Number of protein chains: 2
Amino acid sequence: MSENKSKQQPADADAKLDQVFMALADSTRRQLIHMLAQKECSVSELAAPFDMSLAAVSKHIKVLESAGLIQRRKSGRSYYLLLRPEQLSGALDWISVYRRFWQQRLDALSGLIEKPDQQA
Amino acid sequence: MSENKSKQQPADADAKLDQVFMALADSTRRQLIHMLAQKECSVSELAAPFDMSLAAVSKHIKVLESAGLIQRRKSGRSYYLLLRPEQLSGALDWISVYRRFWQQRLDALSGLIEKPDQQA
DNA sequence: TTCTTATTTAACCAGTTGGTTAAATATTAG
DNA sequence: CTAATATTTAACCAACTGGTTAAATAAGAA
């Protein structure tokens with residue numbers, strides 16, 4: 001018998017979500033993602049706007065990279081980082097499951113606004 | 001002049017996102033959210049399925065609570081926890097910004113599948 | 001080859017996380 | 001009042017985070 005059939009969600013997917021959410025749980029890293037959504041950047045381009053050492057930014061980049069959110073390409077003596085936005089889909093999907101739990105309420109509320117009495 | 005006009009995103013919102021994403025970056029806490037999406041639960045109900053001490057679960061609950069994702073109500077000697085799913089909207093919105101970056105590609109891809117040649 | 005540029009890696013540090021067990025607190029039950 | 005139940009809080013610990021500075025590595029420039 002296969003030994004991990006009992007887990008409905010593979011531990012891998014869980015660990016991956018851990019990594020992605022953790023990667024997003026830092027303002028600097030979210031800004032890096034934002035920059036990379038505009039265009040591919042080198043490490044020093046990415047580091048420029050931040051008031052911290054290049055080594056610190058390098059570490060943040062590594063966190064994003066091991067979460068799979070960015071990809072690295074070497075060109076000459078520079079590394080260029082490329083966003084892999086589709087890697088966010090797991091996180092989006094996870095949260096989206098709970099969207100209906102608040103959307104319901106909002107829908108009900110906007111229903112009330114549209115027809116405050118039995119006017120419809 | 002107001003001294004924090006230069007920041008386009010208030011630090012508060014940033015810190016809040018930090019907390020929410022951090023709260024989600026743990027499988028145990030995601031499972032707690034899942035349970036609370038079904039129904040309001042007491043601490044011991046929440047702790048039951050987990051192979052860890054009640055004190056540990058209590059700490060996880062506190063993390064979710066300070067992120068604003070759940071709300072606590074005392075009844076007798078039990079605490080009941082209630083999910084506040086709408087508090088996930090900030091995180092969803094943040095990720096959604098980048099959705100188009102991968103959706104574009106998927107759309108293009110499915111376009112290719114629908115009309116593999118110039119058959120349309 | 002030697003210098004400079006781009007970046008990583010190593011060593012270190014303070015603070016946080018996620019777990020433990022044991023003690024404290026609050027409330028209901030006898 | 002006393003005992004049991006539900007939960008938090010405290011004290012502790014190992015591992016991880018996010019930052020630092022300094023040294024190592026890689027590659028283009030002179």
Side-chain angles (χ1 to χ4, degrees), chain A residues 11 14-36 39-83 91, chain B residues 11 14-36 39-83 91:
Chain A
D14 255 12
K16 178 71 180 217
L17 269 185
D18 285 4
Q19 279 193 296
V20 169
F21 279 129
M22 187 62 167
L24 298 182
D26 180 284
S27 168
T28 301
R29 287 193 293 264
R30 288 196 301 276
Q31 287 178 248
L32 290 174
I33 288 176
H34 184 77
M35 294 171 74
L36 289 170
K39 70 176 209 341
E40 204 183 30
C41 296
S42 71
V43 174
S44 29
E45 280 176 315
L46 285 175
F50 296 98
D51 185 24
M52 75 179 69
S53 71
L54 225 153
V57 173
S58 178
K59 280 192 190 181
H60 281 300
I61 288 171
K62 190 150 301 174
V63 172
L64 291 169
E65 203 183 357
S66 5
L69 293 172
I70 66 180
Q71 203 181 306
R72 186 183 295 259
R73 172 174 73 81
K74 189 166 191 176
S75 168
R77 47 189 153 174
S78 289
Y79 286 96
Y80 284 90
L81 288 317
L82 180 69
L83 186 63
Chain B
D14 255 13
K16 177 73 180 214
L17 270 185
D18 284 4
Q19 279 193 295
V20 169
F21 278 130
M22 186 62 166
L24 298 182
D26 180 284
S27 170
T28 300
R29 287 192 293 263
R30 287 195 302 275
Q31 288 178 248
L32 291 174
I33 288 175
H34 185 77
M35 293 171 75
L36 289 171
K39 67 177 210 343
E40 205 183 30
C41 297
S42 71
V43 174
S44 28
E45 281 176 314
L46 285 175
F50 296 99
D51 185 24
M52 75 179 69
S53 71
L54 225 153
V57 173
S58 178
K59 279 191 189 180
H60 282 299
I61 288 171
K62 189 151 301 175
V63 171
L64 292 170
E65 203 184 356
S66 4
L69 293 172
I70 66 180
Q71 204 181 305
R72 185 184 295 258
R73 172 174 74 81
K74 190 166 191 177
S75 167
R77 46 187 153 175
S78 290
Y79 286 96
Y80 283 90
L81 289 316
L82 179 69
L83 187 62

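Keep in mind the model is a prediction, meaning the values are calculated, not measured. In what follows, every heavy atom counts, from backbone to side chain, and hydrogens, waters and symmetry copies are set aside. The sequence lines fix the lettering, A, B, ..., with proteins before strands; numbering per chain opens at 1.
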Checklist entry - Does OP1 or OP2 of C:dT9 have a side-chain N or O of A:K62 closer than 4.0 Å? => result yes

Value for CG (B:L64) from CD1 (B:I70), rounded to nearest 0.5 Å, stands at 4.5 Å

Taken to the nearest 0.5 Å, the spacing of A:E40 CD from A:L46 CG works out to 10.0 Å

Testing C:dT8, D:dT7, C:dG19 for proximity to the side chain of B:S42, the answer is D:dT7

Checking D:dG19, D:dT8, D:dT21 against the side chain of B:L54 (C-beta onward), the nearest is D:dT8

From the candidates C:dA6, C:dA22, D:dT20, the one with an atom nearest any side-chain atom of A:R77 is C:dA6

Out of D:dT7, D:dG18, C:dT17, minimum distance to the side chain of B:Y79 belongs to D:dT7

Here the gap from B:S58 atom OG to B:E65 atom CD, rounded to the nearest 0.5 Å, amounts to 9.0 Å

In this structure, CD of B:E45 is separated from CG of B:L81 (nearest 0.5 Å) by 10.0 Å

Here the distance between atom P of D:dG18 and atom CD1 of A:I61, to the nearest Å, is 14 Å

Judged by nearest nucleotide, the residue sitting upstream toward the 5' end of DNA chain D, B:E45 or A:M52, is B:E45

Taken to the nearest whole Å, CG/B:L81 to C1'/D:dT8 is 13 Å

Taking C:dT8, D:dT7, C:dT7 as options, the one with an atom nearest any side-chain atom of A:S58 is C:dT8

Here the distance between atom P of D:dG18 and atom CG of A:L24, to the nearest Å, is 12 Å

Does C:dT27 have OP1 or OP2 sitting under 4.0 Å from an N or O in the side chain of B:K74? yes

### Task
Determine: side-chain N/O of B:S78 to OP1/OP2 of D:dT7, distance under 4.0 Å, yes or no.
yes

Quick check: do A:K59 and A:M52 have side-chain heavy atoms less than 4.5 Å from each other? no

When rounded to whole Å, the OH to C1' distance for the pair B:Y80 and C:dT27 reads 13 Å

Ranking A:G76 and A:A25 by the position along DNA chain D of their nearest nucleotide, the one closer to 5' is A:A25

B:H60 atom NE2 is separated from C:dT16 atom C1', nearest whole Å, by 14 Å

Of the listed D:dG18, D:dT8, C:dT20, the closest approach to the A:D26 side chain comes from D:dG18

Here the distance between atom P of C:dG18 and atom CZ of B:R30, to the nearest Å, is 11 Å

note: B:K59, atom NZ; C:dT16, atom P; distance rounded to Å ~ 13 Å

Here the distance between atom C1' of C:dT20 and atom CZ of B:F50, to the nearest Å, is 18 Å

Hey, does the side chain of B:R72 come within less than 4.0 Å of D:dT7's phosphate (OP1/OP2), counting only N and O? no

